[in-house]
**Student:** 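There's a structure below that I have some questions on.
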There are 2 protein chains.
Amino acid sequence: MPDYIYKKIADLLRKDILSGKYGSEDIMPSENTLAEEYSTSRVTIRKSFAILAEEGLIKPRHGKGYIVQHPSHTTFELEFSDLETGDARHYHKITIVEPDGDVAVALKDRTKYVVMTRSTIIRNGKAVTCDEKYIPYRRGEPVVEKEINYVEFPDMFAERFPPVSMWVRLEVATSAAPRDVARLLGYAEGQTLMVVRRYIYSGNAECVGYTKRWVGMDYGPIVAKSGYMVNGRL
Amino acid sequence: MPDYIYKKIADLLRKDILSGKYGSEDIMPSENTLAEEYSTSRVTIRKSFAILAEEGLIKPRHGKGYIVQHPSHTTFELEFSDLETGDARHYHKITIVEPDGDVAVALKDRTKYVVMTRSTIIRNGKAVTCDEKYIPYRRGEPVVEKEINYVEFPDMFAERFPPVSMWVRLEVATSAAPRDVARLLGYAEGQTLMVVRRYIYSGNAECVGYTKRWVGMDYGPIVAKSGYMVNGRL
DNA sequence: AAGTGGTCTAGACCACTTC
DNA sequence: AAGTGGTCTAGACCACTTT
């Protein structure tokens, strides 16, 4: 829609890269050359190049020029949130337990007690995941009401930590379902299921939360995407 | 090291956001205000804001101002490549087969024959994954030598498609291991294993390749990361 | 020495939002 | 009408790379 100069030029240059006119390791025309060619200022050309650089198509080299770099497709973007659109969540259990096994390892035995929340995601009337959340227990805090209201993790910790200083490690693996989980999802005990684990770390590298999602066969795969987009479309 | 003005100001503003001085939904001081405050030009302030916007900490609103946005940690970055450092790859089989089952679905029955390559990744003397690759067969092309030499997918297709116009869909799920796979990885037939599938699409949305990785228990989890980085460190 | 990208300035006009 | 971000210009000086 907009006839912005920098955008137009970026589109033209991108096309030249995608079409193969400029191949990998080639050096693009210089900023000054293009500024003159398109009768515009150098700043505008820089803005066009900044777009392509952001997209990973070129890489600037001081004193040399912009070098064409075709992407290698080894980095993927994965979307994963607690709330999936159209799904319902059922809460089954909220208890205070002593951490053991992977929970103790994840939270590094920092606290004697953790709040454990167990819930399932219901899709088409069937439980497709079994989610467990473990949060260090703090004496004197009202537990049940709080935990049940917060579904998204960042909110959960908003009052304890500045949310922006947290980060999450996500793991996907398989594991044998324990009795409770198997029953909720309708499988035999010991059935191998996909498990998504999340470790929530605070800014000072402390693990302040741990979640485990047992994924049923009906849930579908975990999906990630990679590659080069044009106009927001792959 | 560098005492660039725009970087310094970006650091100061970031600190103010992380410390909570500016909370979510707050409006940052205007470009003109900050330009005067720091005795610099508006363009330089814009550059500082551009950094924070790129990091996802603020969002510009035309006519209003820059609005603080604390990240929600639902997007993860996943690294996945054929070559893992320190691992060896053994090739077991290269055949030309008629696609059926998931292979036929993935490649949409576009070709009568596909080249199937089966290999395993060896770690500490043990097969930890079983990888299968399916590529549409083109009559008259030298198959075996080519396929065995190319391990990374982008290279594999470099001569057929401009690599930059490709993208990859990655799926993680579980599935029962067939006989051949189970034998190679040392499990019983039918054992549930984690499976990573990749669909390689060309620019015109055609699926031009399909890979399946059966992941053994010793391989470790698929890992992704999310969160806010400062100075390249989480 | 010449050319490149990297930073920075001091203006200008426009589109959008709020009062 | 006033303030905001969005675009754009025509210069300037610097650091780096190549010749």
Side-chain angles (χ1 to χ4, degrees), chain A residues 1-17 21-71 231-232, chain B residues 1-17 21-71 231-232:
Chain A
M1 202 143 341
D3 52 345
Y4 299 133
I5 301 171
Y6 76 92
K7 217 171 163 73
K8 262 183 168 167
I9 295 177
D11 288 342
L12 289 171
L13 296 175
R14 189 192 296 107
K15 210 172 146 189
D16 287 342
I17 296 173
K21 177 175 170 184
Y22 303 122
S24 239
E25 304 304 318
D26 280 2
I27 293 179
M28 300 289 291
S30 76
E31 295 176 350
N32 285 318
T33 305
L34 291 171
E36 194 168 353
E37 183 177 333
Y38 289 107
S39 305
T40 182
S41 75
R42 199 186 138 208
V43 181
T44 301
I45 298 293
R46 274 185 74 74
K47 217 168 168 181
S48 304
F49 273 145
I51 292 175
L52 302 181
E54 165 68 20
E55 293 173 348
L57 289 177
I58 58 175
K59 218 172 194 175
R61 273 305 184 142
H62 200 164
K64 245 186 142 176
Y66 288 91
I67 294 164
V68 177
Q69 303 250 298
H70 285 178
N231 300 329
Chain B
M1 202 141 342
D3 52 345
Y4 300 134
I5 301 171
Y6 76 93
K7 216 170 165 75
K8 261 184 171 168
I9 295 176
D11 288 342
L12 288 171
L13 295 175
R14 189 191 296 106
K15 210 172 147 189
D16 286 343
I17 296 173
K21 178 175 171 184
Y22 302 122
S24 239
E25 303 305 319
D26 281 2
I27 294 179
M28 299 289 290
S30 77
E31 295 175 350
N32 285 318
T33 305
L34 290 171
E36 195 168 351
E37 183 177 332
Y38 289 107
S39 305
T40 181
S41 74
R42 198 185 139 211
V43 181
T44 301
I45 298 293
R46 275 185 74 75
K47 217 167 170 183
S48 303
F49 273 143
I51 293 176
L52 301 182
E54 164 68 20
E55 293 172 348
L57 289 177
I58 58 175
K59 219 173 194 173
R61 268 316 178 137
H62 200 163
K64 246 187 140 177
Y66 288 92
I67 294 163
V68 177
Q69 304 247 299
H70 284 179
N231 301 329

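What you see is a predicted model; the values in this text were computed from it and never measured.
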**Student:** Which comes earlier along DNA chain D counting from the 5' end, the contact point of B:G65 or that of A:V43, where each point is its nearest nucleotide?
**Tutor:**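 Closer to the 5' end of DNA chain D: B:G65.
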**Student:** Please tell me which of the listed nucleotides, C:dG11, C:dG5, D:dG5, lies nearest to the side chain of A:P60?
**Tutor:**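 Among the listed nucleotides, the one closest to the side chain of A:P60 is C:dG5.
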**Student:** Can you check whether B:S41 has a side-chain N or O nearer than 4.0 Å to OP1 or OP2 of C:dG11?
**Tutor:**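 False: B:S41 side-chain N/O out of range (4.0 Å or more) of C:dG11 OP1/OP2.
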**Student:** Mind running a 4.0 Å heavy-atom check of residues 21-29 of chain B against DNA chain C and sending the residues that fall below it, in number order?
**Tutor:**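 DNA chain C contact set from residues 21-29 of chain B: none.
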**Student:** Can a side chain N or O of A:Y6 be found less than 4.0 Å away from OP1 or OP2 on D:dC8?
**Tutor:**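 Answer no for this pair, as no side-chain N or O of A:Y6 is under 4.0 Å from OP1 or OP2.
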**Student:** Mind calculating the distance between CZ (A:F49) and C1' (C:dT7) to the nearest angstrom?
**Tutor:**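 In whole Å, C:dT7 C1' lies 17 Å from A:F49 CZ.
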**Student:** Ignoring hydrogens, what is the shortest heavy-atom contact between A:K21 and A:D26? Give both atom names and the distance.
**Tutor:**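 Scanning both residues, the minimum pair turns out to be O-OD2, 4.2 Å.
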**Student:** Could you check whether B:D11 pairs with B:K8 (Lys NZ or Arg NE/NH1/NH2 to Asp/Glu carboxylate O, under 4.0 Å)?
**Tutor:**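 Judged by the 4.0 Å cut-off on N to carboxylate O distance, B:D11 and B:K8 do not form a salt bridge.
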**Student:** Measure from CD on B:E31 to P on D:dT7 and round the result to the nearest Å.
**Tutor:**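 Whole-Å distance recorded here is 11 Å.
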**Student:** Give a yes/no answer on whether the side chain of A:T40 brings an N or O atom under 4.0 Å of OP1 or OP2 in D:dC8.
**Tutor:**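 So the side chain of A:T40 is outside the cut-off, no N or O lying under 4.0 Å from OP1 or OP2 of D:dC8.
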**Student:** For nucleotides 14-16 of chain D, list the nitrogen or oxygen atoms of the protein found under 3.5 Å from its nitrogen or oxygen atoms, one pair per line.
**Tutor:**
from	atom 1	to	atom 2	distance (Å)
D:dA15	N3	A:H62	NE2	2.8

**Student:** Check the distance between C:dG5's C1' and A:L52's CG and give it to me in whole angstrom.
**Tutor:**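 To the nearest whole Å, that distance equals 15 Å.
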**Student:** Does C:dG6 have OP1 or OP2 under 4.0 Å away from a side-chain N or O of A:R46?
**Tutor:**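 Checking C:dG6 against A:R46, a side-chain N or O does come within under 4.0 Å of OP1 or OP2.
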**Student:** A:I45 has an atom CD1; how far is it from atom C1' of C:dT7, in whole Å?
**Tutor:**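 One finds 18 Å between C1' of C:dT7 and CD1 of A:I45, rounded.
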**Student:** Can you tell me how far the CD1 atom of B:I5 sits from the OG1 atom of B:T44, to the nearest 0.5 Å?
**Tutor:**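 It comes to 5.5 Å.
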**Student:** Is there a side-chain contact between A:R14 and A:I51 in this structure, where contact means two heavy atoms from C-beta onward sitting under 4.5 Å apart?
**Tutor:**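 With C-beta onward as the side chain, the pair touches.
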**Student:** How long is the straight-line distance from OG of B:S39 back to CG of B:L34, given to the nearest 0.5 Å?
**Tutor:**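 Here the rounded value is 11.5 Å.
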**Student:** Distance check needed: D:dG5 P versus A:Y4 OH, whole Å only.
**Tutor:**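 It is 16 Å, rounded to the nearest whole Å.
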**Student:** Counting heavy atoms not belonging to A:E36, are there more than 12 under 6.0 Å from its CD?
**Tutor:**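 Open.
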**Student:** Which atoms form the tightest heavy-atom contact between A:E25 and A:I67, and what is the distance?
**Tutor:**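 For A:E25 versus A:I67, the nearest heavy atoms are CA-CG2, 3.8 Å.
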**Student:** Classify A:Y66 by what it touches in the nucleic acid, base, sugar-phosphate, or nothing, heavy-atom distance under 4.0 Å.
**Tutor:**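 If one applies the 4.0 Å heavy-atom cut-off, A:Y66 turns out to touch the sugar-phosphate alone, with no base involved.
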**Student:** Using whole Å, report how far CG of B:N32 lies from P of C:dG11.
**Tutor:**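 Computing the B:N32:CG to C:dG11:P distance gives 13 Å.
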**Student:** Could you grab the distance from atom CD of B:E31 to atom CD1 of B:I45, nearest 0.5 Å is fine?
**Tutor:**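 Here the rounded value is 8.0 Å.
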**Student:** Can you see if the side chain of B:T44 gets near the phosphate of C:dT9 - specifically, an N or O under 4.0 Å from OP1 or OP2?
**Tutor:**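 Checking B:T44 against C:dT9: at least one side-chain N or O falls below 4.0 Å of OP1 or OP2.
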**Student:** Are the side chains of A:L12 and A:Y38 in contact, using a 4.5 Å heavy-atom criterion?
**Tutor:**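 SC-SC contact between A:Y38 and A:L12 confirmed.
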**Student:** Hey, are the side chains of A:I17 and A:M28 touching, using non-hydrogen atoms and a 4.5 Å cut-off?
**Tutor:**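 Of all side-chain heavy-atom pairs linking A:M28 with A:I17, at least one is under 4.5 Å.
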**Student:** Using side-chain heavy atoms (C-beta onward) and a distance below 4.5 Å, is B:I9 in contact with B:K47?
**Tutor:**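 No, too far: nothing below the 4.5 Å cut-off.
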**Student:** To the nearest Å, how far apart are B:I51 CD1 and C:dG6 C1'?
**Tutor:**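 Nearest whole value for this atom pair: 13 Å.
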**Student:** Applying a 4.0 Å non-hydrogen cut-off, can you work out what B:R42 is touching in the nucleic acid: base, sugar-phosphate, or nothing?
**Tutor:**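 Base contact.
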**Student:** With a 4.5 Å heavy-atom cut-off, do B:L13 and B:F49 have their side chains touching?
**Tutor:**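 The answer is yes, as the side chains (C-beta and beyond) meet within the 4.5 Å cut-off.
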**Student:** Distance check, rounded to the nearest 0.5 Å: A:I58 atom CD1 versus A:S24 atom OG?
**Tutor:**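 Reported value, rounded in 0.5 Å steps: 12.5 Å.
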**Student:** Please report the distance, rounded to the nearest Å, between NZ in B:K47 and C1' in D:dT7.
**Tutor:**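 So the two atoms are 16 Å apart, to the nearest Å.
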**Student:** The helix from C:dA1-D:dT18 to C:dT18-D:dA1: angle between its terminal axes, five pairs each, to 10°?
**Tutor:**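 Computed from the C1' atoms at both ends, the axes differ by 0°.
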**Student:** Looking only at side-chain N and O atoms, does B:S30 come under 4.0 Å of OP1 or OP2 in D:dT4?
**Tutor:**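 Yes, because at least one side-chain N or O of B:S30 sits under 4.0 Å from OP1 or OP2 of D:dT4.
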**Student:** OP1 or OP2 of C:dC16 less than 4.0 angstrom from a side-chain nitrogen or oxygen of B:R61, does that happen here?
**Tutor:**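 Answer no for this pair, as no side-chain N or O of B:R61 is under 4.0 Å from OP1 or OP2.
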